[in-house]
Engineer: 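Below is a structure I'd like to ask you about.
Throughout, residue positions are numbered sequentially from 1 according to the sequence presented.
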Amino acid sequence: EVLALKADLLKLLTDLKANGKRIVGYAAAAKACTMMAFCGVGKAHLDYLVDLNPFKQGKFMTGNQLPILEPSMLLTDKPDYVLILAWNFAEEIMRQQADFARAGGQFIVPVPKVKVMA
C-alpha cells in the first residue's frame, strides 16, 4: 500500500508540473521530511513550503533544501495546489486556508490515499 501511495503521489505531482501547474507544500514537520525523502518529492515537484511556525520560516527543509515561508504566501503568490504534508491536520489546514481555496487553489492530501480537494 505504501508503494502504491508513493507511485500515486509522484504521478499526480509529475503530471501537474508537466501541465504547468505550481505546487507548494504545507508544513515543515519531521514526518513531512520523511515522506518527501521516501517518495522522492523535492524541488522538481514543489516550489517552496509554508509553515505557521515563525521559527521555521526563513529556513530550508532538511534533505531537499526547499525554502520555508509564511502561509500568507499562498494568497500573495497564488500557487495552483498545496500539498498538505501534515495530513493528520488536513481539515484544520484547509479551514485555515479557506481564502486560498476561494481564490481557486486546490489541496492535495497524500494520506491515507492521494486525493485532490478544493
Engineer: Once side chain to side chain donor-acceptor pair (under 3.5 Å) is applied, do any residues pair with K78, and if so which ones, sequence neighbours excluded?
Structural biologist: none

Engineer: State which residues pass side-chain contact (heavy atoms from CB on, under 4.5 Å) with K113; sequence neighbours excluded, sorted by chain then number.
Structural biologist: none

Engineer: Show your reasoning for whether side-chain contact (heavy atoms from CB on, under 4.5 Å) applies to V41 and L85.
Structural biologist: CA-CA 11 Å; V41 174; L85 297 166; over 6 Å; no

Engineer: With rounding to the nearest 0.5 Å, note down the distance linking CG in L49 to CE in M61.
Structural biologist: 5.5 Å

Engineer: Using every non-hydrogen atom in the two residues, find where L10 and T14 come nearest and quote the distance to one decimal.
Structural biologist: O-OG1, 2.7 Å

Engineer: Quick one: hydrophobic cluster around F38, which other residues, with the 4.5 Å side-chain cut-off, linked directly or via members?
Structural biologist: V2, L3

Engineer: Is there a path of hydrophobic side-chain contacts, each under 4.5 Å between heavy atoms, that joins M117 and I84?
Structural biologist: yes

Engineer: Please output the side-chain donor-acceptor pairs of residues 65-74 that fall under 3.5 Å, not counting sequence neighbours, one pair per line with the distance.
Structural biologist:
unit_1: E70; atom_1: OE2; unit_2: S72; atom_2: OG; d: 2.7

Engineer: List the atom pairs, with distances to 0.1 Å, where a side-chain N or O of residues 29-36 and a protein N or O form a donor-acceptor pair under 3.5 Å, not counting sequence neighbours.
Structural biologist:
unit_1: K31; atom_1: NZ; unit_2: N88; atom_2: OD1; d: 2.6
unit_1: T34; atom_1: OG1; unit_2: A30; atom_2: O; d: 3.2

Engineer: Going by the rule side chain to side chain donor-acceptor pair (under 3.5 Å), which residues pair with R102 if we only count those two or more places apart in sequence or in a different chain?
Structural biologist: D99

Engineer: How many angstroms lie between CZ in F89 and CG in L52, if you round to the nearest 0.5 Å?
Structural biologist: 11.0 Å

Engineer: Going by side chain to side chain donor-acceptor pair (under 3.5 Å), name the residues that satisfy it together with Q106, two or more places apart in sequence or in a different chain.
Structural biologist: none

Engineer: Taking only residues two or more places apart in sequence, or in another chain, which ones meet D8 in a salt bridge (charged side-chain N to carboxylate O under 4.0 Å, His left out)?
Structural biologist: none

Engineer: Enumerate, atom names and distances included, each donor-acceptor pair closer than 3.5 Å involving a side-chain atom of residues 20-28, sequence neighbours excluded.
Structural biologist:
unit_1: R22; atom_1: NE; unit_2: D47; atom_2: OD2; d: 3.2
unit_1: R22; atom_1: NH1; unit_2: D77; atom_2: O; d: 3.4
unit_1: R22; atom_1: NH1; unit_2: D77; atom_2: OD2; d: 3.4
unit_1: R22; atom_1: NH2; unit_2: D77; atom_2: OD1; d: 3.3
unit_1: R22; atom_1: NH2; unit_2: D77; atom_2: OD2; d: 2.4

Engineer: Who pairs with Y48 by ring pair (Phe, Tyr, Trp, His ring centres under 6.0 Å), at least two apart in sequence or on another chain?
Structural biologist: none

Engineer: Taking all atoms of both residues into account, what is the closest heavy-atom pair of L5 and V114, and its distance?
Structural biologist: O-CG2, 3.9 Å

Engineer: Under the rule for side chain to side chain donor-acceptor pair (under 3.5 Å), what residues qualify as partners of N19, not counting sequence neighbours?
Structural biologist: none

Engineer: Please identify each residue that fulfils ring pair (Phe, Tyr, Trp, His ring centres under 6.0 Å) with F107, with sequence neighbours left out.
Structural biologist: F100

Engineer: List the steps and the verdict of side-chain contact (heavy atoms from CB on, under 4.5 Å) for H45 and L16.
Structural biologist: CA-CA 9 Å; H45 307 100; L16 290 172; over 6 Å; no

Engineer: Are there over 12 heavy-atom neighbours, none belonging to E91, within less than 6.0 Å of that residue's CD?
Structural biologist: no

